[in-house]
Student: 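Submitted below is the structure of interest, expressed as structure tokens.
Values below: every heavy atom of this structure, side chains too, minus hydrogens, waters and symmetry copies. Note that the coordinates shown come from a computational prediction; the quantities given were computed from them, not determined experimentally. We name chains A, B, ... by the order of the sequence lines, and we start the count at 1 in each one.
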Number of protein chains: 2
Amino acid sequence: MNDVARHAGVGLKTVSRVVNGEPRVSPAMLKKVLTAIEELGFRPHEGARVLRRGRTACVGLVLGDVADPFYSVLTRAVERTARANGHLLFTASSEEDPEQERQLVQALCAGRVDGVIIVPTGGDHSYLAPDVAAGISVVFVDRPVQGIDADVVLSANVDGARQGVAHLIQQGHRRIGYLGDAEKIFTAVEREQGYRRALADAGLPYDPALVARGRADPEFVHAGLQRMLDGPEPATAVFTGNNRTTVAVLRELAARGDRRTALVGFDDFELADLLEPGVTVVAQDAAVLGRSAADLLFQRLGGDRSQAHTIEIPTRLIPRGSGEIPPATA
Amino acid sequence: MNDVARHAGVGLKTVSRVVNGEPRVSPAMLKKVLTAIEELGFRPHEGARVLRRGRTACVGLVLGDVADPFYSVLTRAVERTARANGHLLFTASSEEDPEQERQLVQALCAGRVDGVIIVPTGGDHSYLAPDVAAGISVVFVDRPVQGIDADVVLSANVDGARQGVAHLIQQGHRRIGYLGDAEKIFTAVEREQGYRRALADAGLPYDPALVARGRADPEFVHAGLQRMLDGPEPATAVFTGNNRTTVAVLRELAARGDRRTALVGFDDFELADLLEPGVTVVAQDAAVLGRSAADLLFQRLGGDRSQAHTIEIPTRLIPRGSGEIPPATA
DNA sequence: ATAGGCGCTGATAACGTTGTCGGCGTGAAC
DNA sequence: GTTCACGCCGACAACGTTATCAGCGCCTAT
């Protein structure tokens, strides 16, 4: 910038004014500076600007996995909102590891971003206190969090799951299996809760033998389904707690040649409607989740100091057929 | 940091040394500084560090749409590699708009990142020259670029498409339609080229009536398929130039109740194997594409000044059934 | 015993930008 | 004719860090 000032024969501050589009610059000066900038190929140094102004015009997003369709849609929504507010977006995947999440969040907070949106992996987030005190805004999405008071945006997990399982019960199923994420993941606990509530509402017993919790990999799903479907009192329907698990179950059912077991999944996914039968799901709106979280964040960045909000986004049951397979007449 | 130094009763530079883990610090000093940092809840200011050191430890990625599975897998691979090299990742979606891409890239270059990976939307990228001159490394992926000499990582588009169409021809198809992206998108041109080459190799005529180019939205696909399938000499098979188009075509075929038209798509997608029939695809390896691009970028950041490389990642035909539907015996 | 080397520390000057403030014209008002 | 106001400009300090360099002990080799 110094070079530009010299080259244009003006003061340093005048260049700064031009670069920032400040109003009180005479046309003559403006022209001189502009051509000097052009000739030297000058680009303002964002780092220095950040140092001086204290704001980065960047926000961060930390989630489990960008390649998970649910999160990639959420990411997209956050990015859109960020851009609409003149901010750039950092994205980072925690791979569901609390320690990695912590490192990423701290790296982001270290002067790189004005605010962060986090899909927390669980555990205590009180380590964020210094950063919040330092003026960084934090919003949690998809899962709530302990150890810190902050805005949270959630799906209606319990009720959504309850609704999905109720749909199966309504179709005549009495033995309904549940496969979902490990217990350390909040949404898994909530959705299993919804599963139990639906059973209780219908006066059906809760059978731990029909419940499997773990990562959505083929081995886990294979073992889980085997246990539920090949026992003496097999399940006639399965409720899955997330996207990844639903797909893994579909694959496993196909591998077993099983077309009789009914299925309802939490979270919609692409092509669910084109499979045969179409997969009935409890859809959560990832875009709305992301947008709401981002909106909250920018409200905070805009100076909103009100009490922490918790927003719950409703889910929607989309019947497509896979839930309507009647139980085998025993 | 000044506060920490005062609080610990040591010099400023000593605190700096501790923060940076430099070796020549006595244990006594180390302890004092560490407790002072703890007590004050001090976090080093990344912006200032950037200003001083000239490196940001961040890289940028600009692509069409993070929510497109192909790009989200690519993103994931880039992110992994970036983290392995101690860098954070900025992601931004250009929405296939050259002007928006340009703005994003420039925003990233303005002191925020050490290097950028770009899925170019086309057009001239010579505007990057000043940034490159300023030491920012640039790698292009998925599509090549004009106006600048830089590393490029591509899929084997022409040959992949040729192979996919050849598969249809081998199954007995003689009238094969093509649906793909608009001409401004490089990969679309390449893949259409592969389509034509396969036809030529088999001595089949090229019929413009069987070609449709445009965005993968339902209206476009509806119109395109209608034209190809409802004419006097209908196509018996369709080759689609990308992921999004393939899915849209599947949806349209389902809506038409059409189970006879064969289909091969460029680019694999989740659940392609579970549809009935399974969708035959020419798979490109998004993860390898992303990783290769990131590897190249970090080589450059590591000081590699050799001539620009162009890497082509081979594709793989995955037959799953949809390509093997025989043409209706006319 | 003394010089030289080495390990550790701290003062100081950058990095590139923006905010503050004072200065210098020019025009208007008394 | 003087004063005041106002629009425009530039010198200077400051943001929080790191690199450079000089200083200060202590140990070793002569």
Student: What's the spacing between B/L104 CG and B/I118 CD1 if we round to 0.5 Å?
Tutor: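 CD1 of B/I118 is found 10.0 Å from CG of B/L104.
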
Student: When you measure from the side-chain N and O atoms of A/S16 to the phosphate of C/dT17, is any distance below 4.0 Å, counting only OP1 and OP2?
Tutor: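 Answer no for this pair, as no side-chain N or O of A/S16 is under 4.0 Å from OP1 or OP2.
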
Student: Going by distance alone, is a donor N or O of one side chain under 3.5 Å from an acceptor N or O of the other, for B/D304 and B/S306?
Tutor: yes

Student: Looking at residues at least two apart in the chain, or sitting in another chain, which of them share a side-chain hydrogen bond (donor to acceptor under 3.5 Å, both in side chains) with B/D181?
Tutor: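 Expected list: B/N242.
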
Student: Could B/R76 and A/E95 be called an ion pair, given the rule that one side-chain N must be under 4.0 Å from one carboxylate O?
Tutor: yes

Student: With the threshold set at under 4.0 Å for non-hydrogen atoms, list the residues of residues 5-15 of chain B touching DNA chain C in residue-number order.
Tutor: B/V10, B/G11, B/K13, B/T14

Student: Is the closest side-chain donor-acceptor distance between B/Q284 and B/S155 under 3.5 Å?
Tutor: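 B/S155 and B/Q284 do have a side-chain donor-acceptor pair below 3.5 Å.
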
Student: Answer whether the closest heavy-atom distance between the side chains of A/V19 and A/I37 falls below 4.5 Å.
Tutor: yes

Student: Name the nucleic acid region contacted by B/V50, choosing base, sugar-phosphate or nothing; use a 4.0 angstrom heavy-atom cut-off, strictly under.
Tutor: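 Nothing, no heavy atom under 4.0 Å.
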
Student: Under 3.5 Å, is there any donor-acceptor pair linking the side chain of B/R52 to the base of D/dT18?
Tutor: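 Answer is yes: a donor-acceptor pair is held.
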
Student: Whole Å only: how far is the CG atom of B/N2 from the C1' atom of D/dA14?
Tutor: 12 Å

Student: Measure CZ/A/R55 against C1'/D/dC15 and give the value in whole Å, please.
Tutor: 16 Å

Student: Counting just side-chain N and O atoms, does A/S26 come under 4.0 Å of either OP1 or OP2 of D/dC9?
Tutor: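 For A/S26, the contact criterion (side-chain N or O under 4.0 Å from OP1 or OP2 of D/dC9) is met.
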
Student: Could you tell me whether B/R143 and B/E96 have a side-chain N and a carboxylate O separated by less than 4.0 Å?
Tutor: yes

Student: For residues A/N20 and A/R49, report the shortest heavy-atom separation together with the two atoms involved.
Tutor: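 So the two residues come closest at OD1-NH2, 3.6 Å.
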
Student: With a 4.0 Å cut-off on heavy atoms, is B/R43 in touch with a base, just the backbone sugar-phosphate, or nothing at all?
Tutor: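 Contact class for B/R43: sugar-phosphate only.
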
Student: Atom CD of A/E22 and atom P of C/dT18: how far apart are they, to the nearest Å?
Tutor: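 That distance rounds to 8 Å.
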
Student: Between A/R17 and D/dC9, does any side-chain N or O lie under 4.0 Å from OP1 or OP2?
Tutor: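 Indeed not, no polar side-chain atom of A/R17 lies that close.
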
Student: Enumerate all atom pairs, one protein N or O and one N or O from nucleotides 22-24 of chain D, separated by less than 3.5 Å.
Tutor:
none

Student: What is the distance from CZ of B/R49 to P of D/dC15, rounded to the nearest Å?
Tutor: 19 Å

Student: Which part of the nucleic acid does A/V19 contact within heavy-atom distance under 4.0 Å: base, sugar-phosphate only, or nothing?
Tutor: nothing

Student: Any side-chain N or O of B/R53 less than 4.0 Å from the OP1 or OP2 oxygen of D/dT18?
Tutor: no

Student: Are any of the side-chain nitrogens in B/E79 or B/R291 under 4.0 Å away from the carboxylate oxygens of its partner?
Tutor: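 Here B/E79 does not pair with B/R291 in a salt bridge, since their nearest N and O are not under 4.0 Å apart.
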
Student: Can you identify which nucleotide, out of C/dT17, D/dA19, D/dG16, has its nearest atom closest to the B/A48 side chain?
Tutor: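 Nearest nucleotide to the side chain: D/dG16.
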
Student: A/L51 side chain: which of D/dT17, D/dC8, D/dG16 is closest?
Tutor: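 So the side chain of A/L51 is nearest to D/dG16.
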
Student: Below the 4.0 Å mark, does D/dT18 have OP1 or OP2 next to a side-chain nitrogen or oxygen of B/N20?
Tutor: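 Looking at the OP1 and OP2 atoms of D/dT18, one of them is under 4.0 Å from a side-chain N or O of B/N20.
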
